[in-house]
Amino acid sequence: MHLSRNGLVRPIDRLESMTLIALGMAAACGVIAALMVGSTAFADVRDGVVLEQQQRHSVTATILPRQPGAPVTARWTEPGGRVVTGRIDASPVPAPGATSSPSDAETGSVQTIWLDDSGVVVPAPRTDADALTAGVAAAAMAVAVVVTIWFVLSLWIRRIADRHRFRLWERGWAALDSPSRR
């Protein structure tokens with residue numbers, strides 16, 4: 001309506017409409033950019049996932065007896081056949097999908113642990129689901145930022161246009177209320 005040739009539409013109304021249309025188009029481009037951010041985050045994490053899955057190997061470890069409060073130690077056989085005894089509670093966070101952490105393990109229980117190429121105990125490698133989660137989270141955050149900026153700017157533009165319209169109304173009423181019009 002504001003973009004029509006209607007003589008009752010004020011220039012500020014047309015300017016407001018054009019500005020809001022331009023802002024909407026910029027927001028649409030911003031959403032596309034936000035989705036690209038999510039795609040890039042997914043690709044970056046996915047590259048790390050592939051690298052971790054290539055460099056980490058799972059082995060089965062048997063938990064050894066220990067004193068309360070002492071580190072959890074276990075015995076396992078490396079892929080090369082060498083038997084190793086060492087700490088496995090270096091990471092307090094259980095591996096994804098694990099039902100317990102190494103510190104909860106009972107003596108004699110068997111647990112899967114992960115080793116890097118040099119034989120050091122490391123956390124389990126991330127999965128494709130972790131990459132997907134990172135991508136979706138990055139995209140959602142970027143979209144939220146774009147939408148928030150769009151919303152705030154839209155309100156600001158409306159407020160400026162309304163102030164201008166109110167001034168025009170006051171001038172109009174003042175002109176109608178002047179002594180020369182009585």
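Just so you know, these numbers come straight off a predicted model, no measurement behind them.
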So, for [X] and [Y], which heavy atoms are closest and what is the spacing to 0.1 Å?
{"X": "Gly119", "Y": "Glu78", "result": "CA-OE2, 3.8 Å"}
{"X": "Val121", "Y": "Trp76", "result": "CG2-CH2, 3.8 Å"}
{"X": "Thr112", "Y": "Ser58", "result": "CG2-CB, 3.7 Å"}

Hey, can you pull the donor-acceptor pairs under 3.5 Å for the side chains in residues 131-149, sequence neighbours left out?
unit_1: Thr133; atom_1: OG1; unit_2: Ala129; atom_2: O; d: 2.8
unit_1: Thr148; atom_1: OG1; unit_2: Ala144; atom_2: O; d: 2.7

Under 4.5 Å between side-chain heavy atoms, hopping through other hydrophobics if needed: is there a path connecting [X] to [Y]?
{"X": "Trp150", "Y": "Leu20", "value": "yes"}
{"X": "Ile21", "Y": "Leu23", "value": "no"}
{"X": "Ile12", "Y": "Ile160", "value": "no"}
{"X": "Val72", "Y": "Val84", "value": "yes"}
{"X": "Leu115", "Y": "Val49", "value": "no"}

Do [X] and [Y] touch side chain to side chain, with heavy atoms closer than 4.5 Å?
{"X": "Ile88", "Y": "Thr73", "value": "no"}
{"X": "Gln54", "Y": "Pro125", "value": "no"}
{"X": "Leu64", "Y": "Thr107", "value": "no"}

Problem - Gap separating the CZ atom of Arg158 from the CG atom of Leu155, nearest 0.5 angstrom - result: 9.0 Å
Fill in the blank from the handout: One should read off an interatomic distance between Phe166 CZ and Arg159 CZ, to the nearest 0.5 angstrom, of 10.5 Å
Practice task
Report the C-alpha separation of Asp162 and Arg165 in whole Å, then their side-chain angles, then the decisive distance to 0.1 Å, and conclude whether the salt bridge (Lys or Arg N to Asp or Glu O under 4.0 Å) test is met.
Solution key: CA-CA 5 Å; Asp162 285 345; Arg165 280 189 281 270; 2.6 Å; yes
Practice task
List the steps, then state whether side chain to side chain contact (heavy atoms under 4.5 Å, CB included) holds for Ile157 with Glu16.
Solution key: CA-CA 7 Å; Ile157 290 166; Glu16 176 188 19; 4.3 Å; yes
Taking [Y]'s backbone N and O only, do any of them form a donor-acceptor pair with [X]'s side chain (distance below 3.5 Å, no angle check)?
{"X": "Glu52", "Y": "Arg126", "value": "yes"}
{"X": "Arg75", "Y": "Ile63", "value": "no"}
{"X": "Asp130", "Y": "Thr127", "value": "yes"}

Handout entry: Pair Arg10 + Asp13: basic N to acidic O under 4.0 Å
Key = yes
Handout entry: Residues in salt bridge (charged side-chain N to carboxylate O under 4.0 Å, His left out) contact with Arg171, at least two apart in sequence or another chain
Key = none
Practice task
Apply salt bridge (charged side-chain N to carboxylate O under 4.0 Å, His left out) to Asp116 and list each qualifying residue two or more places apart in sequence or on a separate chain.
Solution key: none
